[in-house]
A.B. asks: 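There's a structure below that I have some questions on.
In this chain, residues are counted from 1 in sequence order. Small disclaimer: the values here were computed from a predicted structure and weren't measured. Start at 1 and go down the list; that is how both ligands and their atoms are numbered.
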Amino acid sequence: VAGFPGLTDVHAHPAMNAWLWGRDLRRHYMNGSTFNPLASLTDFKQLERGGVGVQWSALHVPERELLQCLVLRLASLVFPAGRKLRRLSPWECLLDQLGEMERQVDRADGFALARSNAELDAVRARGDVAIVHTVEGGHVLGEVDPVARVHELAGRGVASITLTHLFPRALAGHTHGIPRSPVMRFVCPLDDRVDERRGLTALGREVVTAMADARMLPDVAHCTVAARRDVYALIGDRCPVLMTHTGVRTLNDVPYTACEGDVRAIAASGGLVGVIFMPYWLSAQDPRDGRAVLEQTFTQLHDWSGGTWDHVALGTDFDGFTDPPDDFAGSHTLGSVRPLLDGLGLAREDVEKVLGGNARRVLRDGWR
Ligand SMILES: [Zn+2]
């Protein structure tokens with residue numbers, strides 16, 4: 001049990017997909033080989049087909065600024081969650097999405113929620129697929145008493161929180177996270193008001209410290225480089241730090257991707273970097289197929305980790321309004337990652353670290 005917990009994806013959005021579109025995760029709706037928010041890439045059928053054993057399920061409440069985009073504003077009028085997004089607070093939406101995900105997991109054969117390390121071991125020992133809650137976007141914590149909400153989420157079993165997301169919020173500086181394709185610029189000309197100099201705020205420091213106290217893992221994906229450095233300095237010696245869905249600077253020189261300093265600091269904390277399955281972030285060339293850039297990204301992370309495979313994981317971001325590679329178009333394809341890693345010459349033990357062992361370790365070290 002100490003070794004391989006099963007194939008693990010540390011960042012994808014089945015819960016958001018189900019909540020936004022009112023879907024039943026026991027059913028598969030449609031695939032999407034290009035950007036298509038209506039595709040269902042991480043429903044339970046797709047997870048089973050891909051041999052996923054542990055899914056970290058990122059709860060995410062889309063930020064209000066997105067409704068400046070006409071297409072999304074119209075969508076919010078049509079879909080069941082749109083009314084909630086306009087009427088309820090992000091925190092209320094988050095709890096609603098969390099509750100909905102728990103109902104979905106409860107009624108599905110072969111799936112179970114894991115709210116602690118003990119529950120995760122029990123779920124996997126039964127042979128069921130384990131769902132672990134995480135949260136993307138610290139905006140749901142609000143600014144009044146975010147520390148109390150951190151403790152409430154910890155009590156619900158949430159394993160980690162991504163401190164920032166697409167727009168300026170109280171905890172930390174965020175970096176550009178919206179793909180800048182010509183189509184997006186035309187359809188959704190959103191100003192994400194990035195300030196790359198902005199680091200972790202005083203409130204952010206309180207929240208990150210509270211997370212460590214409550215045994216939750218801080219996730220620096222979407223943070224500015226400055227905020228990432230502040231998190232490593234503040235808490236890197238107390239708990240593993242995560243960057244759950246990203247690429248590497250050598251292949252795509254944008255602030256969103258991990259640089260050598262990130263990987264060294266995350267490795268020193270005992271944390272992990274999850275490789276995103278989205279060519280837009282993986283490579284400046286934005287290729288259709290992911291295979292080559294995934295291989296290069298895994299190898300770069302290995303090299304920056306001091307030549308070990310102890311800090312590399314899968315963080316696909318499927319169903320996160322992403323455009324996945326054509327050859328890894330959803331969770332159902334994840335079984336092909338093992339042969340890809342075999343092809344890079346990894347020992348079996350190292351393959352299993354990347355596929356799930358590292359994810360299991362950070363939960364043991366930093367979760368309840
Ligand atoms: Zn994200």
A.B. asks: Return the set of residues passing side-chain contact (heavy atoms from CB on, under 4.5 Å) with Glu100 (not counting sequence neighbours), or none when no residue passes.
C.D. replies: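 Counting only residues at least two positions away or on another chain, Glu100 forms a side-chain contact (heavy atoms from CB on, under 4.5 Å) with Trp19, Arg103, Gln104.
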A.B. asks: Kindly confirm whether the Zn ion (ligand 1) is within less than 2.8 Å of some N/O/S atom in Asp317?
C.D. replies: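 No, outside the cut-off.
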A.B. asks: Of all N, O or S atoms in Glu136, identify the one at the shortest distance from the Zn ion (ligand 1).
C.D. replies: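 This residue's closest N, O or S atom turns out to be OE2.
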A.B. asks: Looking at residues at least two apart in the chain, or sitting in another chain, which of them share a side-chain hydrogen bond (donor to acceptor under 3.5 Å, both in side chains) with Asn117?
C.D. replies: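 With neighbours one apart ignored, the set is Arg360.
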A.B. asks: Among Asp310, Leu272, Val275, Val312, which one satisfies side-chain contact (heavy atoms from CB on, under 4.5 Å) with Val354?
C.D. replies: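 The residue from Asp310, Leu272, Val275, Val312 that satisfies side-chain contact (heavy atoms from CB on, under 4.5 Å) with Val354 turns out to be Val312.
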A.B. asks: If you count the non-hydrogen atoms of other residues, nucleotides and ligands that lie under 6.0 Å from CD in Glu295, is the total more than 12?
C.D. replies: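 It does: Glu295 CD has more than 12 such atoms within range.
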A.B. asks: Kindly give the atom name of the N, O or S atom of His222 closest to the Zn ion (ligand 1).
C.D. replies: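 So the atom name we want here is NE2.
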A.B. asks: Closer than 2.8 Å to the Zn ion (ligand 1): does that hold for any N, O or S atom in His60?
C.D. replies: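 False for His60.
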